[in-house]
Amino acid sequence: PLADIGVTGLATMGRNLARNLARNGHVVAVHNRTQARTDALIAEHGSEGTFVPTSSLRELAAVLKRPRTVIVMVQAGAPTDEVLDQLAEVLEPGDIVVDGGNAHFIDTRRRESTLRERGIHFVGVGISGGEEGALNGPSIMPGGTPEAYQTLGPILESIAAKVDGTPCCTHVGPDGAGHFVKMVHNGIEYADMQLIAESYDLLRTVLGKTPAELAEIFRGWNEGDLESFLIEITAEVLATKDPRGDQPLVDVILDQAEQKGTGRWTVQIALDLGSPVSGIAEAVFARSLSAHAAQRAAARELLAGPTEAVSIDDPDTFVGDVRRALYASKVVAYAQGFDMIRAGSQLYDWNIDLGKIATIWRGGCIIRARFLDRIREAYEKRPDLPSLMVDPYFAKAVSEGQASWRRVVSVAAAAGVPVPGFSATLAFYDGLRRDRLPAALIQGMRDLFGAHTYRRIDADGTFHLDWSGDRSEREA
Ligand code: 6PG
């Protein structure tokens with residue numbers, strides 16, 4: 001029979017996606033640059049469904065139903081462009097090419113427009129959930145044309161994670177919208193992980209809890225509002241012993257965080273959009289700081305820490321404070337991410353439905369969490385919500401958490417524990433709710449040194465003060 005869909009690039013993600021497709025009843029044509037991977041897939045998993053092994057992209061194209069649908073799962077960047085060039089030679093107008101890697105959405109926009117000229121639908125698809133998700137149900141964020149989604153959508157929805165029967169897959173918007181949303185997903189992932197790491201650091205440093213005790217605390221937190229995949233795996237990592245000895249594994253892992261780039265992209269694009277994703281930015285910077293080993297070694301010798309020890313009267317109360325601070329900070333980080341998606345959607349005319357994004361992030365992806373259902377509800381109730389933070393539920397949650405949040409940030413400062421995520425998100429909260437901001441002073445300075453003008457609260461127009469002359473004001 002002709003195959004329903006093709007997959008080229010059979011490294012772990014591509015292989016697991018192909019298996020997921022086959023297990024869900026699709027006939028899957030598979031291809032890999034080196035044939036050995038194709039053979040291994042058929043030998044090890046051929047019985048899971050119907051695979052059609054092929055040894056060239058031309059052959060892959062020949063065994064596919066029309067319109068042909070090919071998922072490309074190769075490395076982002078030049079390798080992807082190479083495969084797309086080759087595919088364009090063997091496909092026809094109306095066919096659909098899917099890039100399921102972590103491509104930059106600007107590249108996706110370029111590729112979409114190049115392939116569109118040849119009549120080929122190019123769909124950039126964000127896929128989250130790691131290896132396990134690809135096999136058993138990821139969260140899927142497809143961009144591209146609505147026409148392409150008609151063919152592709154049902155297939156992707158069939159392999160996506162399901163929450164309450166709803167697939168974690170929706171048509172995000174045209175061209176690069178899917179990869180943009182996946183990028184922001186990863187930015188939020190960085191922020192969430194950073195906030196969890198700060199909570200761990202505080203509880204360990206200030207209260208002297210052991211990793212095993214902390215694993216129990218996080219396990220408990222996973223029963224409430226914070227329930228999420230990342231909290232669950234935090235408990236698992238903390239409970240794990242070094243296979244080479246008896247100490248906790250976390251104590252022998254080098255404390256220098258790596259990054260493949262999606263968090264950094266999020267911040268770079270956020271700067272262009274004027275989107276203050278401070279929680280994500282601090283998370284990216286914290287990873288960078290951790291990796292500057294030589295600077296850290298030199299600073300350790302010279303830079304003084306607090307001279308007085310911080311004493312906590314009631315450890316259990318402090319644990320509760322950290323939990324509430326974590327939730328409040330997490331709300332801010334997600335609110336910033338959703339604001340950024342709205343800003344991107346406006347600039348690129350994507351018309352992204354934020355409620356639907358929250359819906360497809362409830363399952364399958366790395367940031368899946370109970371509270372995404374709350375975010376879904378907030379945007380369904382009010383699609384034009386100016387910020388998640390002003391949705392009644394979230395406004396109440398952060399307001400109720402603020403006293404704890406402030407105590408935690410003060411204790412951290414006094415104890416010399418860096419909490420860039422907690423403090424940046426608290427500053428964002430205070431910035432948003434402030435009646436008057438010192439931006440007025442900044443505008444005054446800008447006008448003084450550069451005649452950059454200012455606006456007034458009591459009159460329309462822009463003004464300039466004659467700072468070096470008689471200090472009269474004129475309309476600019
Ligand atoms: C996912 C993940 C995945 C990525 C990790 C690691 O959604 O499944 O986001 O795409 O591999 O985020 O990224 P870093 O190496 O940048 O931490």
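All figures in this text were calculated on a predicted structure; none of them were measured in a lab.
- Partner Tyr327 forms a side chain to side chain contact (heavy atoms under 4.5 Å, CB included) with one of Val322, Leu226, Val398 and no other, that one being Leu226.
- Expressed to the nearest 0.5 Å, how far CZ of Arg323 lies from CH2 of Trp221 amounts to 7.5 Å.
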Inset, instruction - Begin from the C-alpha positions of Glu216 and Arg219 and carry the test salt bridge (Lys or Arg N to Asp or Glu O under 4.0 Å) through to its verdict. - result: CA-CA 5 Å; Glu216 275 314 308; Arg219 233 173 252 139; 2.3 Å; yes
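- With 3.5 Å as the limit, one finds a donor-acceptor pair spanning the side chains of Ser278 and Gln336.
- Ile159 CD1 to Leu21 CG: the interatomic distance, rounded to the nearest 0.5 Å, is 4.5 Å.
- Checked by atom type, the side-chain pair His179/Thr108 shows a donor-acceptor distance below 3.5 Å.
- Between Trp361 and the options Phe371, Phe338, Tyr379, a ring pair (Phe, Tyr, Trp, His ring centres under 6.0 Å) holds for only Phe338.
- Shown here is Asp384, whose CG atom has more than 12 heavy atoms of other residues, nucleotides or ligands within 6.0 Å.
- The minimum heavy-atom distance between Phe422 and Ser199, with the atom names listed, is CZ-OG, 3.4 Å.
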Inset, instruction - For the pair Arg342 and Gln346, evaluate side chain to side chain donor-acceptor pair (under 3.5 Å) and give the outcome as yes or no after the intermediate values. - result: CA-CA 6 Å; Arg342 190 202 305 283; Gln346 269 161 9; over 6 Å; no
Legend entry - Residue pair Asp251, Arg204: steps toward the salt bridge (Lys or Arg N to Asp or Glu O under 4.0 Å) verdict: CA-CA 12 Å; Asp251 287 347; Arg204 190 159 184 194; 2.7 Å; yes
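- Summarising the local packing, CZ of Arg33 is surrounded by 12 or fewer heavy atoms from other residues, nucleotides or ligands at distances under 6.0 Å.
- Atoms CG and CD1, on Asp353 and Ile341 in that order, are 11.0 Å from each other to the nearest 0.5 Å.
- Here the shortest heavy-atom pairing between Glu282 and Ala424 reads CG-CB, 3.5 Å.
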Legend entry - Test side chain to side chain contact (heavy atoms under 4.5 Å, CB included) applied to Asp99 and Val125, step by step: CA-CA 6 Å; Asp99 177 4; Val125 177; over 6 Å; no
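- Across all non-hydrogen atoms, the minimal contact from Ile140 to Leu156 is CD1-O, 3.5 Å.
- The 12-atom threshold is exceeded at CD of Gln259, counting heavy atoms of other residues, nucleotides or ligands nearer than 6.0 Å.
- Closest heavy-atom contact between Gly337 and Val184: O-CG1, 3.5 Å.
- With sequence neighbours excluded, the residues satisfying salt bridge (charged side-chain N to carboxylate O under 4.0 Å, His left out) with Asp81 are Arg110, Arg111.
- Look at Arg368 and Asp373 and you find no salt bridge, because none of the NZ, NE, NH1 or NH2 atoms lies under 4.0 Å from a carboxylate O.
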Inset, instruction - Show your working on side chain to side chain contact (heavy atoms under 4.5 Å, CB included) between Ser228 and Ile231 and close with a plain yes or no. - result: CA-CA 5 Å; Ser228 61; Ile231 294 281; 3.2 Å; yes
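- Between Trp405 and Tyr429, the ring planes are tilted. Angles from 30° to 60° get that label.
- Cation-pi contact between Arg446 and Tyr454: absent, since separation from the ring centre below 6.0 Å together with deviation from the ring axis within 45° is not met.
- Side-chain atoms of Thr453 and Thr462 include no donor-acceptor pair closer than 3.5 Å.
- When all heavy atoms of Val250 and Pro211 are compared, the pair lying nearest together is CG1-CG, 4.1 Å.
- With Asp391 as the partner, the salt bridge (charged side-chain N to carboxylate O under 4.0 Å, His left out) test is satisfied by one option alone out of Lys381, Arg374, Arg382, Arg376: Lys381.
- Expressed to the nearest 0.5 Å, how far CD1 of Ile120 lies from CG of Leu115 amounts to 5.5 Å.
- Atom CZ of Arg433 sits in a crowded spot, with more than 12 heavy atoms from other residues, nucleotides or ligands closer than 6.0 Å.
- Looking at every heavy atom in both residues, Leu326 comes nearest to Ile196 through CD1-N, 4.0 Å.
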Inset, instruction - Determine, step by step, whether Ile71 and Met73 satisfy the side chain to side chain contact (heavy atoms under 4.5 Å, CB included) criterion, reporting the C-alpha distance in whole Å, the side-chain angles of both residues, the deciding distance to 0.1 Å, and the verdict. - result: CA-CA 6 Å; Ile71 304 187; Met73 294 299 293; 3.9 Å; yes
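- With a 6.0 Å radius and a threshold of 12 heavy atoms from other residues, nucleotides or ligands, Asp242 has its CG atom above the threshold.
- Around the CD atom of Glu236, the shell of radius 6.0 Å holds no more than 12 heavy atoms that belong to other residues, nucleotides or ligands.
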Legend entry - Stepwise side chain to side chain donor-acceptor pair (under 3.5 Å) check, Tyr334 with Asp192: CA-CA 9 Å; Tyr334 280 65; Asp192 206 338; 2.6 Å; yes
Inset, instruction - Determine, step by step, whether Phe122 and Thr114 satisfy the side chain to side chain contact (heavy atoms under 4.5 Å, CB included) criterion, reporting the C-alpha distance in whole Å, the side-chain angles of both residues, the deciding distance to 0.1 Å, and the verdict. - result: CA-CA 9 Å; Phe122 179 69; Thr114 309; over 6 Å; no
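- The environment of Lys162 atom NZ is dense: over 12 non-hydrogen atoms of other residues, nucleotides or ligands sit within 6.0 angstrom.
- Counted by atom type alone, Gln268 and Asp272 present zero donor-acceptor pairs between their side chains at under 3.5 Å.
- Crowding of Gln75 atom CD: a count of heavy atoms from other residues, nucleotides or ligands under 6.0 Å not exceeding 12.
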Inset, instruction - Please report the C-alpha distance between Asn102 and Lys182 in whole Å, then the side-chain angles of each, then the deciding distance to 0.1 Å, and finally whether the side chain to side chain donor-acceptor pair (under 3.5 Å) criterion is met. - result: CA-CA 8 Å; Asn102 266 333; Lys182 174 59 176 26; 2.9 Å; yes
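- The salt bridge (charged side-chain N to carboxylate O under 4.0 Å, His left out) search around Asp255 returns Arg296, not counting sequence neighbours.
- Rounded to the nearest 0.5 angstrom, His171 NE2 and Glu157 CD are separated by 11.0 Å.
- In this structure Ala148 satisfies the side chain to side chain contact (heavy atoms under 4.5 Å, CB included) test together with Ile96, His121, Val123, Thr145, sequence neighbours excluded.
- Residues Phe394 and Ile375 are in side-chain contact: their nearest non-hydrogen atoms beyond the backbone lie under 4.5 Å apart.
- Distance check, rounded to the nearest 0.5 Å: NE2 of His104 to CE of Met183 gives 6.0 Å.
- Between Phe449 and His452, the ring-plane angle classifies as perpendicular under the 30° and 60° cut-offs.
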